[in-house]
Amino acid sequence: MISRKYNLVASLAIAFAAIAITLPFMIHREISSLSNVSGSTVSHLLIAGSSSALTAESEQIDFMQHEQQAQYVIGSKNDDVVLIPCTSGKGVPTLVNATQFWEKGCKIGKRKSVRFFHIGKGGGGTVEFILGDYRVSFHRNHPGPNFDSKLLEGPTTTLLINIRDPVDRFVSAFNWRSLLHCGHRDKRKKFFIGKTKHVLHPSLQPNEVCFGDQDEEKLLLHDEMKYDPNVLAEALCEDSPGYDSASTKVKLIHHANLALTDWFDFVINPKNQSIITPDGVQTLMAITTEPRVESNSESRLDWHTQQAVLKIYADNGLNNEQIGLILKHKPQLSEDKKSKAEKKTHSSTTSSVTNIVNPIPLRKLGECCLARYFRDDYRLIKTMLPEGEVDTIANVSRLEDVNPLVNSVCNWGSNELRMSCLADLESMLHRRALFLEESRGSCQKVVANLNDS
């Protein structure tokens, strides 16, 4: 199984750590002959160099290691001698040194060539911040996708998409949107859409601001559901008399209203695939986040995104020396930027200033009903995994006639990156496998059997 293979990789990392001290010198010896090396080869070298920071306990791969190695990458040259292409604003691209790259607000790549499908409540805020912090130029689609001509026909050639377990994402969206709406006797400032000015959006400072509008979403989450995701989740069981009504209500909740299959429609819907031309999107990069016992999901999400940064750098023609200098001279985050980062990577934890004490946990029945409601999402996740290796995981069929991009969402970086990405996807299926197996009967029966065992 992929997860076992990946755990073996993590275990072997302890042995690799012993050579971590000498690795930069080994890289330096190789770099001296890389003046004309291709961008893809450079990317693989840098990505491979990161493995020495892996630890068996938490799999925290330190991206800063590249910055530490940069002094070896550039050898004895003066930093100012190496020039880097700079694109800023609407000006003509120029050549600058690494210090000027950061001072002048330079960007890497063309905004139209890289796109990020930011799926709400799936770690997208973290991905977006890291891309911006490392000066990657990209175009974002949020809160929904846009399958426009730029994506299908070019110039967009690289598409990043963050992926989280569908049940976890639903619960996170439910709790997050419950938090953003003002509750009874709420002490936070009220934000009214289209009316309030000079106040940050509630999603950027949920501890201080909340939506004051009495819209359908607020009435559903607060008044009807009483902040309890189980009420809606259990109504989504296929044998529930309120299934049709509950399905309609899901569409009222921001972020939960779009399934993973909605974001991938242009590559899984046979009617749409033929409109993707050879000049359209060519690389589909999954940025996964999934809790796994052997590793930290937050640090792994950061690492996946940082590997995407290196890939984009190399795809834009930067060689190893240029990349090393960019990382070496990257300024530390100021307190102001750290504050913005915290707001950008917000979570759906509840605030002490609202009347919501703690999120209500999802019961097993609700988990089962949601897993089956999002069955096609899990079919899509299974389709992303290598055929033949994981067919026994979760009794769901693969999607048929999908674009080959779907089968390669984890194949854009090093083998270590690929194994980590696939292990996340496999874990999503493992956690819901029992509930996805409909031969066990209704969700009520499955949960009853669990309670009896």
Side-chain angles (χ1 to χ4, degrees), residues 37-48 50 87 107-119 122-124 127-128 130-132 134-142 145-163 260-261 263-269 272-289 301 303-319 323 380-381 383-387 399 402-422 424-425:
V37 75
S38 67
S40 61
T41 303
V42 165
S43 176
H44 292 157
L45 176 60
L46 274 176
I47 292 172
S50 70
T87 302
K107 296 281 188 178
I108 294 297
K110 297 179 180 179
R111 184 171 180 269
K112 294 180 180 179
S113 65
V114 177
R115 185 174 302 192
F116 173 40
F117 274 7
H118 177 170
I119 301 181
V127 175
E128 187 176 336
I130 292 175
L131 292 176
Y134 282 87
R135 300 288 177 82
V136 172
S137 185
F138 67 98
H139 177 68
R140 181 191 73 152
N141 284 164
H142 180 78
N146 183 6
F147 310 131
D148 57 17
S149 60
K150 295 182 180 66
L151 181 70
L152 304 174
E153 303 172 6
T156 300
T157 56
T158 299
L159 175 63
L160 290 78
I161 184 165
N162 58 301
I163 299 176
L260 187 63
T261 49
W263 288 86
F264 276 81
D265 186 70
F266 78 113
V267 285
I268 64 175
N269 188 336
N272 294 338
Q273 292 183 45
S274 60
I275 61 177
I276 302 177
T277 71
D279 294 325
V281 60
Q282 299 167 17
T283 304
L284 183 54
M285 303 167 64
I287 310 293
T288 56
T289 180
L301 174 65
W303 180 63
H304 288 175
T305 309
Q306 291 156 351
Q307 296 303 296
V309 169
L310 292 179
K311 173 79 164 71
I312 294 169
Y313 278 5
D315 286 349
N316 279 276
L318 295 185
N319 61 36
I323 294 174
L380 172 57
I381 290 170
T383 307
M384 296 174 185
L385 295 168
E387 192 168 4
L399 298 178
V402 301
N403 189 289
L405 288 170
V406 176
N407 308 120
S408 60
V409 295
C410 292
N411 297 347
W412 50 268
S414 67
N415 184 62
E416 185 177 357
L417 182 283
R418 176 178 180 273
M419 298 301 284
S420 178
C421 175
L422 293 176
D424 278 352
L425 298 176

Closest heavy-atom pair and its distance - M384, L422: O-CD2, 4.2 Å

Minimal non-hydrogen separation, Q282 against L405, with atom names: O-CD2, 3.3 Å

N146 side-chain N/O to N141 backbone N/O, donor-acceptor pair under 3.5 Å: no

Residue pair A308 / L160: nearest heavy atoms and the distance that separates them: CB-CD2, 3.9 Å

Within-4.5 Å side-chain heavy-atom neighbours: P145 and F266: no

Set of residues satisfying side chain to side chain donor-acceptor pair (under 3.5 Å) with respect to N316, sequence neighbours excluded: none

Point-to-point distance, once rounded to the nearest 0.5 Å, from NE2 of H304 to CD1 of I130: 11.5 Å

Distance, nearest 0.5 Å, that separates CZ of F264 from CD1 of I381: 9.0 Å

Residues forming a side-chain contact (heavy atoms from CB on, under 4.5 Å) with T283, sequence neighbours excluded: T158, M285, W412

Partner set under side-chain contact (heavy atoms from CB on, under 4.5 Å) for E153, not counting sequence neighbours: S149, T277

Residue list, side chain to side chain donor-acceptor pair (under 3.5 Å) with T383, at least two apart or on another chain: none

From I287 atom CD1 to I119 atom CD1, the distance as rounded to the nearest 0.5 Å: 11.5 Å

Heavy-atom side-chain contact between T87 and S137 under 4.5 Å: no

Interatomic spacing from CD1 in I312 to CG in L318 - rounded to 0.5 Å: 11.5 Å

Minimum heavy-atom distance between T289 and G122, given as atom pair plus value: CG2-O, 3.5 Å

Between NE2 on residue H139 and OG on residue S113, distance to nearest 0.5 Å: 12.0 Å

Ring pair (Phe, Tyr, Trp, His ring centres under 6.0 Å) partners of F116, counting only residues at least two apart: H118

Any donor-acceptor pair under 3.5 Å from T305 side chain to L301 backbone: yes

Partner set under side-chain contact (heavy atoms from CB on, under 4.5 Å) for T261, not counting sequence neighbours: A259, I268, D376, D377, L380

Contacts of type side-chain contact (heavy atoms from CB on, under 4.5 Å), residue T156, not counting sequence neighbours: R115, K150, L151

Distance in Å, N411 CG paired with C421 SG, rounded so as to fall on 0.5 Å steps: 8.0 Å

Sub-4.5 Å side-chain heavy-atom contact between V309 and L131: yes

Those residues that, when tested against D279, pass salt bridge (Lys or Arg N to Asp or Glu O under 4.0 Å) (two or more places apart): none

For L417 against C410, the heavy-atom pair lying closest together: CD1-O, 4.1 Å

Whether F117 and F147 hold their rings parallel, tilted or perpendicular, with breakpoints at 30° and 60°: tilted

Side chains of N162 and W263 in contact at under 4.5 Å (non-hydrogen atoms): no

